[in-house]
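Here is the structure we will look at, set down as structure tokens.
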Amino acid sequence: MEYNHREIEARWQQYWKDNNVYKCEIDMSRPKFYVLDMFPYPSGAGLHVGHPLGYIASDIYSRYKRLKGFNVLHPMGYDAYGLPAEQYAIQTGQHPEVTTRKNIERYRSQLDKIGFSYDWSREIKTCDPEFYKWTQWAFMEMFNHYYDTAADKALPIADLVKYFEKEGSKGVKAVCSKELSFTAEEWNSMTDKEKSDTLMNYRIAYLGNTMVNWCPALGTVLANDEVSEGVSVRGGYPVEQKLMYQWCLRVSAYAQRLLDGLEKLDWTDSLKETQRNWIGRSEGAEMRFHIDNTDIDLEIFTTRADTVFGVTFMVLAPESKYVDMITTPEQKEAVKEYIDSIKHKTERERMIDKKVTGVFTGAYAINPLSGKKIPVWVSDYVLAGYGTGAIMAVPAHDSRDYAFARHFNLPVIPLIEGADVSEQSFDAKEGKMINSEGPELNLNGLEVKDAIARTKKFIEEKGIGKVKVNYRLRDAIFSRQRYWGEPFPVYYKDGIPTMMKLEDLPLLLPEVDKYLPTESGEPPLGRAENWKTPEGYPIELNTMPGFAGSSAYYLRYMDPHNDSALVSEEADKYWRNVDLYIGGTEHATGHLIYSRFWNKFLYDLGKVCEAEPFSKLINQGMIQGRSNFVYRIKDTNTFVSAGLKDQYDVTPIHVDVNIVSNDILDLDKFRAWRPEFATAEFILEDGKYVCGYAVEKMSKSMFNVVNPDDIVERYGADTLRLYEMFLGPLEQSKPWDTNGIDGVNRYLKKLWGLFYKNDQLTVTDAEPTAENLKTLHKLIKKVSTDIENFSYNTSISAFMIALSELSQQKCTSRQVLEQYLILLAPFAPHIAEELWHAMGNTTTICDAAWPEFNEEYVKESSVKMAVSFNGKARYTIEVPADMPAAEVEKVALAHEGAAKWTEGKTVRKVIVVPGKIVNIVVG
RNA sequence: GCUCGAAUGGUGGAAUGGUAGACACGAGGGACUUAAAAUCCCUUGGCCAUUAGGCUGUGCGGGUUCGAGUCCCGCUUCGAGCACCA
């Protein structure tokens with residue numbers, strides 16, 4: 001009987017399905033373990049071999065944990081809202097839901113063939129009303145809460161209203177868009193509309209007039225993480241800054257907690273670092289500079305309070321509200337002209353063009369420490385969105401200020417001893433202060449670090465400013481002018497944004513005739529008929545962004561069919577959070593920030609019991625494509641093999657990797673591939689056409705896409721699973737190269753051969769030999785530690801070595817072979833299950849127990865030790881394993897080799913490392 | 001510019017500070033076969049040597065150590081993240 005992967009895999013996949021082998025329920029008697037994959041966006045192209053990499057890794061871990069006795073939650077679903085389906089809908093008129101459903105079916109059939117242990121009864125689709133009801137619910141809760149800085153958590157907005165009624169805004173401890181000041185009487189006399197506008201300033205989900213990333217080509221705004229280098233991440237279209245009235249989430253309120261939470265997480269350092277960069281905490285001081293001859297104070301933020309004595313001018317962002325307030329009449333014209341010239345430029349142009357530009361406002365500020373008068377300028381190198389949109393410029397110690405000062409001939413005062421500022425600024429934060437003495441404060445002679453602390457203390461005491469922490473993290477813009485997303489459960493009652501009631505949810509996505517904006521420029525939902533509440537109030541036309549549905553999906557898997565809560569208290573208390581999360585690094589500043597924010601918000605409300613959603617996170621590397629090339633001699637239809645291509649003038653052409661094997665081109669398939677190659681001629685080497693290769697992104701246009709279906713069909717799912725893991729370390733990016741797959745396939749065939757000889761099962765009840773047990777227990781130890789460390793590639797090597805040892809030992813012992821299969825089951829579940837049953841077991845191998853490692857069996861009776869002289873290995877000795885070091889030393893020196901190497905020399909030192917090496921130092 | 005990570009044969013990659021290159025692919029040789037495929041066996045970092053064996057070798061330069069791919073200092077190159085963030 002041959003190893004027939006097609007028959008075996010189909011049969012066991014059916015068996016697992018029919019017997020609900022992977023269905024899991026809350027079970028208080030067993031410890032839980034939650035293993036999650038980042039759910040995919042079902043694209044039209046289907047899965048390529050790169051996609052399942054992480055899924056295979058998590059599946060191995062899930063199966064392993066189950067064998068170790070854990071109750072494992074391992075679900076899968078789809079991130080179903082997304083731009084591609086909508087773009088496709090715009091082009092074809094096909095409803096995005098139809099396309100999405102089709103793509104999901106395709107994904108599912110591809111996933112099923114790989115033999116995953118998902119509990120499909122918990123499947124989630126973000127576009128499913130049953131699911132997005134809870135996305136809408138969370139949004140409503142965010143609307144109904146504000147962030148209280150005293151309690152350091154979200155609290156009901158109703159509490160804040162009560163406070164306003166009694167105290168007004170005085171002493172309010174809440175995160176807000178801008179500081180407001182009103183009395184209780186003023187609050188109480190406000191109209192409903194005014195109250196609504198005021199509360200927007202505090203709500204966690206709020207409508208705000210904010211600068212947004214507007215992408216004209218996509219017709220929508222984008223979040224910061226959806227934009228990179230001035231173009232959209234999806235599609236690469238230009239993005240401009242635009243002031244729009246949009247729904248936002250006050251993610252910034254959670255900046256510090258998002259930062260602190262990272263400490264306890266078992267994530268890679270690089271991922272944590274990426275998030276830290278994105279949050280961008282900087283400690284500094286906010287300081288007021290008085291504008292001469294006015295009653296205006298300019299607020300600035302600086303991390304270098306020590307350099308105040310070197311401030312020779314100040315700069316405002318062009319968008320700063322202070323610009324109009326302080327510009328003198330003489331300078332009005334020049335300032336207006338400058339600001340107009342800036343407005344014409346997009347953010348991208350401003351970024352690329354690093355020319356120094358700016359204009360003097362005519363106003364002067366007073367340096368609060370030195371008392372000197374300094375000019376105030378406007379320049380686009382100062383960003384409106386960070387800090388206060390105004391800076392104090394210290395040209396001697398900041399390269400941007402330096403460039404500006406040199407360009408406009410402003411003075412430069414060095415503040416650090418020995419700093420040469422004749423050519424460039426001295427930006428380092430070290431050295432002794434000079435030139436820093438004012439009427440009330442003297443910093444001269446202090447180290448920079450101490451000078452900063454001293455100045456901060458001084459300005460707080462004098463009331464000139466205060467210590468302040470700034471974050472780069474901005475609030476998330478939550479509106480999208482698109483069709484294919486969750487509708488907002490919001491209507492406008494006499495212009496006042498109002499939330500629907502929970503019992504009215506889900507608010508279903510309406511049908512529209514076209515997926516384009518309306519003629520008047522409103523989002524596609526503007527086309528929906530009767531998009532009003534029963535009372536006739538208009539409903540919000542924007543939809544939610546992609547990250548809305550993916551922010552809490554891991555909670556829904558715990559209790560996917562609950563229609564009265566996102567997750568029941570019981571399910572939340574049992575499953576708690578994700579123990580192992582596997583996915584790509586591309587979500588570092590998007591999904592993984594939003595999810596953590598969302599979870600912390602729900603935590604504040606007492607809806608979830610863990611403050612962090614993902615305890616451990618592994619980033620699987622990307623699988624790149626390995627493209628093949630043929631070389632056409634220019635102006636001919638003749639192709640020359642790679643080794644000879646240098647002798648001709650050739651054009652490399654991508655060739656489909658599926659008609660190439662081990663870089664050898666299949667000539668007939670090539671001729672049949674495309675009509676223009678039907679008459680192709682070849683110049684061969686050794687009778688073969690050798691293709692060139694390159695590592696590139698896996699994509700259709702490079703003809704390097706490998707479909708897992710083809711691999712499963714030809715070699716089987718077990719081979720695919722093993723090979724994907726064997727390719728290299730999980731976290732490393734690597735090219736897919738089908739060439740090596742024969743190796744693991746051969747291994748499975750050999751494994752089959754160990755069980756079946758001449759169609760006869762060879763398993764016996766023979767007692768295992770000492771050798772058998774040694775091989776087995778070495779394997780148990782290796783595989784157990786490897787799985788815990790996600791070094792799956794070396795485990796597979798260990799399986800191969802163990803197999804060849806067992807074959808050599810002609811092992812037929814049931815006991816040994818069964819345990820071998822259990823170890824293998826997480827990696828290659830189909831063949832393990834098949835052989836497990838062939839041996840007479842009637843229950844699934846998924847419920848077997850992970851073998852216990854026993855040190856006794858692997859103990860060596862003797863140990864080989866390398867003997868070296870001055871660190872250079874010379875010969876090997878074999879000694880009993882338990883021989884004391886002093887004895888080993890004698891044996892080592894007594895060896896005939898030792899005589900040769902120590903001849904005429906004195907033995908100065910003998911180093912014995914038990915079981916490893918003997919080193920003899922002579923001289 | 002700042003931060004993080006990486007660099008080992010023809011290739012993918014192994015090595016708790018202890019004989020570098022496990023395992024696999026590819027390549028070369030051989031067995032079986034009319035032949036091919038499949039399967040099995042041997043060789044395979046480089047250089048020298050018929051063999052025995054020797055020398056050399058983990059991006060570069062130093063250092064610590066009896067002993068360094070591994071630890072420390074200084075570079076080079078590549079990858080990733082952030083970036084007029086004050």
Side-chain angles (χ1 to χ4, degrees), chain A residues 2 228-229 268-282 284 300-304 307 314-315 317 350-351 353-354 356 379-383 385-394 397-401 403-404 427 470-474 585-586 588-589 619 621-622 626 662-664 693 722-723 726-729 731-747 749-750 753 785 791 793-801 804 864-876 908-923:
Chain A
E2 289 274 297
S228 179
E229 295 183 12
T268 60
D269 290 337
S270 73
L271 184 59
K272 288 193 201 178
E273 198 58 32
T274 301
Q275 290 214 339
R276 282 193 198 106
N277 280 341
W278 188 258
I279 295 167
R281 179 192 156 100
S282 63
I300 58 97
F301 174 77
T302 181
T303 53
R304 292 294 302 274
T307 59
M314 300 185 73
V315 189
R350 268 168 78 165
M351 262 168 54
D353 184 12
K354 298 216 164 157
V356 177
S379 174
D380 68 349
Y381 84 87
V382 174
L383 303 176
Y386 184 76
T388 59
I391 62 153
M392 61 177 217
V394 186
H397 303 290
D398 183 289
S399 54
R400 296 153 301 173
D401 297 345
F404 195 83
D427 291 10
N470 247 314
Y471 299 93
R472 206 190 68 95
L473 183 71
R474 309 292 163 81
T585 180
E586 67 273 18
T589 55
N619 287 125
M622 281 240 283
R626 187 179 186 279
N662 285 335
D663 292 338
I664 308 296
Y693 73 90
L722 286 176
Y723 188 56
F726 189 65
L727 224 41
E731 293 168 82
Q732 199 171 298
S733 287
K734 56 239 161 191
W736 176 268
D737 182 357
T738 309
N739 290 350
I741 201 166
D742 287 326
V744 289
N745 188 239
R746 230 168 261 155
Y747 157 71
K749 286 181 186 162
K750 283 181 198 166
T785 54
S791 314
N793 54 332
T794 53
S795 287
I796 294 166
S797 300
F799 279 116
M800 291 176 177
I801 296 166
S804 77
K864 279 186 182 160
M865 294 178 111
V867 179
S868 61
F869 297 87
N870 296 332
K872 293 196 173 183
R874 301 299 171 191
Y875 61 82
T876 310
R908 302 180 104 157
K909 204 170 174 187
V910 179
I911 297 150
V912 179
V913 181
K916 291 279 185 183
I917 196 160
V918 182
N919 197 327
I920 299 163
V921 184
V922 292

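So you know, we letter chains A, B, ... as the sequences are listed, proteins then strands, and number each from 1. Treat the numbers as computed from the prediction; the structure is a model and nothing was measured.
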Can you tell me how far the [atom1] atom of [X] sits from the [atom2] atom of [Y], to the nearest 0.5 Å?
| X | Y | atom1 | atom2 | result |
| --- | --- | --- | --- | --- |
| A:S379 | A:M314 | OG | CE | 14.0 Å |
| A:L727 | A:L722 | CG | CG | 12.0 Å |
| A:Q275 | A:L473 | CD | CG | 9.5 Å |
| A:R474 | A:I279 | CZ | CD1 | 13.5 Å |

What's the [atom1]-[atom2] distance between [X] and [N], to the nearest Å?
| X | N | atom1 | atom2 | answer |
| --- | --- | --- | --- | --- |
| A:W278 | B:U3 | CH2 | C1' | 16 Å |
| A:M800 | B:A14 | CE | P | 14 Å |
| A:E586 | B:G79 | CD | P | 19 Å |
| A:I279 | B:A83 | CD1 | P | 13 Å |
| A:R276 | B:A83 | CZ | P | 17 Å |
| A:N277 | B:U3 | CG | P | 10 Å |
| A:K750 | B:U39 | NZ | P | 9 Å |
| A:K749 | B:A37 | NZ | C1' | 11 Å |

With respect to the side chain of [X], which nucleotide from [options] is positioned closest?
| X | options | value |
| --- | --- | --- |
| A:N919 | B:C66, B:A86, B:U39 | B:C66 |
| A:L383 | B:C85, B:C23, B:C82 | B:C85 |
| A:T589 | B:A86, B:G13, B:C82 | B:C82 |
| A:R474 | B:U39, B:C84, B:C85 | B:C85 |
| A:R400 | B:A24, B:C85, B:G13 | B:C85 |
| A:I911 | B:C84, B:C4, B:G18 | B:G18 |

Please name the pair of heavy atoms, one in A:F301 and one in A:G387, separated by the smallest distance, quoted to 0.1 Å. CB-CA, 4.3 Å
If you compare all heavy atoms of A:Y386 against all heavy atoms of A:S282, which two are closest, and at what distance to 0.1 Å?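 Residues A:Y386 and A:S282, closest heavy atoms: OH-OG, 2.7 Å.
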Nucleotide paired to [N] in any strand shown, Watson-Crick or G-U, under 3.5 Å:
| N | value |
| --- | --- |
| B:A49 | none |
| B:G26 | B:U44 |
| B:U39 | B:A31 |
| B:G61 | B:C73 |
| B:G1 | B:C82 |

Which comes earlier along RNA chain B counting from the 5' end, the contact point of A:E273 or that of A:T794, where each point is its nearest nucleotide?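 Between the two, 5'-proximity favours A:E273.
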Hey, which of these two, A:I741 or A:G389, hits RNA chain B nearer its 5' end, going by closest nucleotide? A:I741
Could you check whether A:Y381 and A:D401, counting side-chain N and O atoms only, form a donor-acceptor pair closer than 3.5 Å? yes
Tell me what [X] touches on the nucleic acid: a base, only sugar-phosphate, or nothing, going by heavy atoms under 4.0 Å.
| X | result |
| --- | --- |
| A:D401 | nothing |
| A:R281 | nothing |
| A:R746 | sugar-phosphate |

With rounding to whole Å, what would you report as the distance between [N] and [M] at their [atom1] atoms?
| N | M | atom1 | value |
| --- | --- | --- | --- |
| B:G10 | B:G28 | C1' | 13 Å |
| B:U70 | B:G18 | P | 12 Å |
| B:A6 | B:U44 | P | 32 Å |
| B:U56 | B:G61 | P | 15 Å |
| B:U58 | B:U33 | C1' | 44 Å |
| B:C82 | B:U11 | C1' | 35 Å |
| B:C41 | B:G45 | C1' | 23 Å |
| B:G81 | B:G13 | C1' | 26 Å |

Could I get the full list of salt bridge (charged side-chain N to carboxylate O under 4.0 Å, His left out) partners for A:R276, not counting sequence neighbours?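 Salt bridge (charged side-chain N to carboxylate O under 4.0 Å, His left out) check on A:R276 returns A:E273.
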Listed by chain and number, what are the salt bridge (charged side-chain N to carboxylate O under 4.0 Å, His left out) partners of A:R472, not counting sequence neighbours? none
With respect to the phosphate group of [N], does any side-chain polar atom (N or O) of [X] fall under 4.0 Å of OP1 or OP2?
| X | N | answer |
| --- | --- | --- |
| A:Y386 | B:A86 | yes |
| A:R472 | B:A83 | yes |
| A:T274 | B:U3 | no |

In a check of side-chain contact (heavy atoms from CB on, under 4.5 Å) between A:F726 and each of A:T794, A:I741, A:I796, which one passes?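 Testing A:F726 for a side-chain contact (heavy atoms from CB on, under 4.5 Å) against A:T794, A:I741, A:I796 leaves exactly one candidate, A:I796.
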So, does the side chain of A:R304 form a donor-acceptor pair with the base of B:A86 at under 3.5 Å? no
Apply the syn/anti split at 90° from 0 to B:G17 and say which one it is. anti
Using atom names, set out every protein N or O paired with an N or O of nucleotides 5-12 of chain B below 3.5 Å, distance rounded to 0.1 Å.
| residue | atom | partner | partner atom | Å |
| --- | --- | --- | --- | --- |
| B:G12 | O2' | A:L727 | O | 2.4 |

